[in-house]
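Have a look at the structure below, then the notes.
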Protein chains: 2
Amino acid sequence: MLARMPDSAAPGLTIGQVAERTGLSVHALRFYEREGILAHPVRREAGGRRVYAERDVEWLSVCVVLRASGMPLPDIRAYTDLVRQGPGNEEQRLVLMRRHQERVQEQMARLSESYDLISYKVRVYEDRVEQAGEAHAC
Amino acid sequence: MLARMPDSAAPGLTIGQVAERTGLSVHALRFYEREGILAHPVRREAGGRRVYAERDVEWLSVCVVLRASGMPLPDIRAYTDLVRQGPGNEEQRLVLMRRHQERVQEQMARLSESYDLISYKVRVYEDRVEQAGEAHAC
DNA sequence: AGTTGACCTAGAGCCGCCTCTAGGGGCTAG
DNA sequence: CTAGCCCCTAGAGGCGGCTCTAGGTCAACT
């Protein structure tokens, strides 16, 4: 049991383990790889199975956060490309990240405006429901 | 010019005008109507053209906010149905709105966590870019 | 020897939400 | 009269982002 667990030094994770740790599905992981969303090529076991390293999990976790905040896959891919190219393009990475940061800010602003309206509606309905209850009581 | 403008009392808006005011496309407006996202049926001019009232614009503006905060169309439709049925189902509307309110809260929380990471990344790259600049200067 | 289970590839399919097309009507200005 | 514009319906198409299928490999338990 606990098969294919190279047991020390460089752990070497299966796609299933990575899925569990990142919250992405196995399918999504393969899909992301095809889309070029991996800073380093995945090693392969004899037999063709993917062998992930800890840093892949870290990278993918960053990607999950970027996705969760609405960064489109093409942008994540562009960022990944920059990272894969190594040091020297920090300005470009900065541009990408700043742009995303602004979008997230806007998103948060819009969301909180929406939240205000929704809260208002909730209050209105709470009042109405309460008054209906009192009417019954009389 | 300024054709088909019944000029007083009940304005009567064309689909194009509603599109402009709500920010929705003409296509989207027809689509929403088919989907039952209109509290009151739209009147039709002789010739079959839709004639919207001010309250439709108001309702659609609410829907735009709900959409912007991620409420799925089926939920908006359910809410619309409740509103169309008239008073008496405020508890149900409240349930719907509260559920959405919670989702929006979660969304905001996740977004602000993401924002922290993104801001961190931005800071890191700012530093690196700055240091690279200094290195050049030396 | 057979069964299980995690993995593989290539590609099709799906969901949500529009967006666009085809084909047509009708008003108004020039 | 015709050009331009906005409108109509029904239904196809597109996009983003996965998700699933078919058909197969391989290693491990029973």
Side-chain angles (χ1 to χ4, degrees), chain A residues 1-7 11-38 41-52 56 60 63-80 100 103 107, chain B residues 1-7 11-38 41-52 56 60 63-80 100 103 107:
Chain A
M1 41 62 140
L2 274 178
R4 68 186 71 252
M5 187 55 166
D7 82 343
L13 301 158
T14 68
I15 197 170
Q17 292 170 323
V18 174
E20 219 170 307
R21 297 198 194 180
T22 59
L24 293 163
S25 74
V26 169
H27 291 302
L29 283 170
R30 291 196 277 249
F31 170 69
Y32 277 20
E33 185 178 337
R34 261 182 291 177
E35 293 292 299
I37 312 262
L38 268 183
V42 205
R43 283 189 296 131
R44 296 297 182 118
E45 198 187 32
R49 297 181 174 205
R50 291 171 180 81
V51 181
Y52 292 86
D56 296 320
L60 285 164
C63 293
V64 165
V65 171
L66 295 177
R67 277 296 305 126
S69 51
M71 186 183 271
L73 286 186
D75 289 20
I76 298 186
R77 185 211 206 118
Y79 179 52
T80 307
H100 186 54
R103 277 187 307 211
Q107 245 189 103
Chain B
M1 38 64 135
L2 275 178
R4 66 187 74 255
M5 188 56 165
D7 83 344
L13 301 157
T14 67
I15 198 171
Q17 293 170 325
V18 174
E20 219 171 307
R21 297 197 194 181
T22 57
L24 293 163
S25 73
V26 169
H27 291 304
L29 282 170
R30 291 196 276 248
F31 171 69
Y32 277 20
E33 185 179 336
R34 263 182 290 181
E35 292 293 298
I37 312 262
L38 267 182
V42 206
R43 283 189 298 130
R44 298 298 181 115
E45 199 188 30
R49 298 180 173 206
R50 290 170 180 81
V51 181
Y52 292 86
D56 295 320
L60 285 164
C63 293
V64 165
V65 171
L66 295 177
R67 278 294 306 125
S69 52
M71 185 183 272
L73 286 186
D75 289 20
I76 297 185
R77 185 213 206 116
Y79 179 52
T80 307
H100 185 54
R103 278 187 307 211
Q107 247 188 100

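As a basis for the values below, the full set of heavy atoms in this structure was taken, side chains included, without hydrogen atoms, waters or symmetry mates. Order of the sequence lines fixes the chain letters, A, B, ..., with proteins taken first and strands second; residue numbering starts at 1 for each chain.
- Within the nucleic acid shown, Gly16(B) comes within 4.0 Å of sugar-phosphate atoms alone, with no base atom in reach, counting heavy atoms only.
- Checking the phosphate oxygens (OP1, OP2) of dG16(C), no side-chain nitrogen or oxygen of Arg67(B) falls inside 4.0 Å.
- One finds no side-chain N or O of Thr14(B) lying less than 4.0 angstrom from the OP1 or OP2 phosphate oxygen of dC6(D).
- Taking 4.5 Å as the limit, every side-chain heavy atom of Arg67(B) sits out of range of all side-chain heavy atoms of Ile37(B).
- Nucleic acid contact for Arg30(B): base, since at least one base atom lies under 4.0 Å from a heavy atom of the residue.
- In this structure, Tyr32(A) reaches the dC18(D) phosphate: one of its side-chain N or O atoms is under 4.0 Å from OP1 or OP2.
- Dashed line: the shortest gap from a side-chain N or O of Arg50(A) to OP1 or OP2 of dT9(C) is under 4.0 Å.
- An OP1 or OP2 oxygen of dT25(D) is reached within less than 4.0 angstrom by no side-chain nitrogen or oxygen of Arg49(A).
- In terms of phosphate contacts, Arg44(B) brings a side-chain nitrogen or oxygen within less than 4.0 Å of OP1 or OP2 of dT9(D).
- Taking atom CD of residue Glu33(A) and atom P of nucleotide dG17(D), one finds them 18 Å apart after rounding to whole Å.
- Considering only side-chain atoms of Ile15(A), the nucleotide from dC18(C), dC7(C), dC8(D) that sits closest is dC7(C).
- As judged by a 4.0 angstrom heavy-atom cut-off over every strand, Arg34(A) is placed among the base-contacting residues.
- Environment of CD in Glu35(A): crowded, with over 12 heavy atoms of neighbouring residues, nucleotides or ligands closer than 6.0 Å.
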